[in-house]
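Just so it is clear, the model here is predicted, and its values are computed rather than measured.
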Amino acid sequence: MVVKYTENPTVIEHDEAKDKKGKVVVKHIDSKGNLLKEDVVKEDVTVATATTKVYADREPETTYTPVDVDYSTTDKKQDIIEKDGKKYKFTKVVEVTPELNNTMEETGKVKEGTTTVVYQYALLIPVDPSKP
């Protein structure tokens, strides 16, 4: 005689403790890489919700459902930033580098971990009309 059984796992529909999170940060730097200002655009955003099945005789299984949350950093891009009495003018979005761990995508979907957009600024040297 063969006995078949069907496992009846406990299902945690939204296992918040296992949700995948992300945040979006904008850094404003000068041409030497010095930080002028940092803005957090979105923080602690759920990018994928977790569903966990807990079994009696084996490891739990967790599956993830993506949550499409948009971000935009364009409202944090300033033409002029002032720091320590000096003015800096926006020049560009910094190309992707491993040191900055950044992206050039000013808009998109929030991803797991930290998405960083870096804006670079050049020092504006004041012109003294009496010293041409």
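The hydrophobic clustering, which links ILVMFWY residues whose side-chain heavy atoms are closer than 4.5 Å, places V94 and Y88 apart. No single ILVMFWY cluster, assembled from side-chain heavy atoms under 4.5 Å apart, contains both L100 and V26. Hydrophobic cluster membership is shared by M104 and V24, with clusters built from Ile, Leu, Val, Met, Phe, Trp and Tyr side chains linked at under 4.5 angstrom. A continuous path of Ile, Leu, Val, Met, Phe, Trp and Tyr side chains, each step under 4.5 Å between heavy atoms, connects V47 with V117, placing both in one hydrophobic cluster.
For the pair I12 and V54, the tightest heavy-atom approach, listed with the atom from each and the gap, is CD1-CG2, 4.1 Å. A pairwise comparison of heavy atoms in S72 and T107 identifies OG-CG2, 3.5 Å as the closest pair.
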### Task
Dump the intermediate steps for side-chain contact (heavy atoms from CB on, under 4.5 Å) on D19 and H14, then the final yes or no.
CA-CA 8 Å; D19 283 353; H14 184 192; 2.7 Å; yes

### Message
Under the criterion side-chain contact (heavy atoms from CB on, under 4.5 Å), I'd like the reasoning laid out for V118 against I29: C-alpha separation, chi angles, the key distance, then a yes or no.
### Response
CA-CA 7 Å; V118 181; I29 63 171; 3.7 Å; yes

### Task
Apply side-chain contact (heavy atoms from CB on, under 4.5 Å) to the pair L124 and I80, showing each step before the final yes or no.
CA-CA 9 Å; L124 285 177; I80 303 289; 3.7 Å; yes

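If you take CD on E105 and OG1 on T73, they are separated by 10.0 Å, rounding to the nearest 0.5 Å. Interatomic distance, NZ of K27 versus CD of Q120, reported as 14.0 Å (0.5 Å rounding). Here CG of D30 is found 10.0 Å from CD1 of I81. Values are rounded to the nearest 0.5 Å.
Side chains of K23 and T115: a donor-acceptor N/O pair is absent below 3.5 angstrom, by distance only. The closest side-chain donor-acceptor pair between T114 and T116, if any, does not fall under 3.5 angstrom. Using modelled atom types, one finds a donor on one side chain and an acceptor on the other under 3.5 Å when comparing T52 with T62.
Take F90 and apply the ring pair (Phe, Tyr, Trp, His ring centres under 6.0 Å) test, not counting sequence neighbours, and it matches Y119, Y121.
In summary, E61 and R58 engage in a salt bridge, as defined by a charged side-chain N under 4.0 Å from a carboxylate O. Ion pairing between a basic and an acidic side chain is recognised when a charged N comes within 4.0 Å of a carboxylate O; K109 and D70 show such pairing.
Using modelled atom types, no side-chain atom of D84 and backbone atom of K86 make a donor-acceptor pair closer than 3.5 Å. Within the 3.5 Å criterion, the main-chain N or O of L35 finds a donor-acceptor partner in the side chain of K83. Using modelled atom types, no side-chain atom of T46 and backbone atom of T49 make a donor-acceptor pair closer than 3.5 Å.
By the neighbour-count criterion of 12 heavy atoms within 6.0 Å, atom NZ of K87 is sparsely surrounded, having that number or fewer from other residues, nucleotides or ligands. Other residues, nucleotides and ligands contribute only 12 or fewer heavy atoms inside 6.0 Å of the CD atom of E95.
Within the structure, no pair that satisfies the ring-ring contact (aromatic ring centres under 6.0 Å, His included) test touches residues 34-82, not counting sequence neighbours.
Partner of D39 under the side chain to side chain donor-acceptor pair (under 3.5 Å) criterion, out of H28, Q78, K76: H28 alone.
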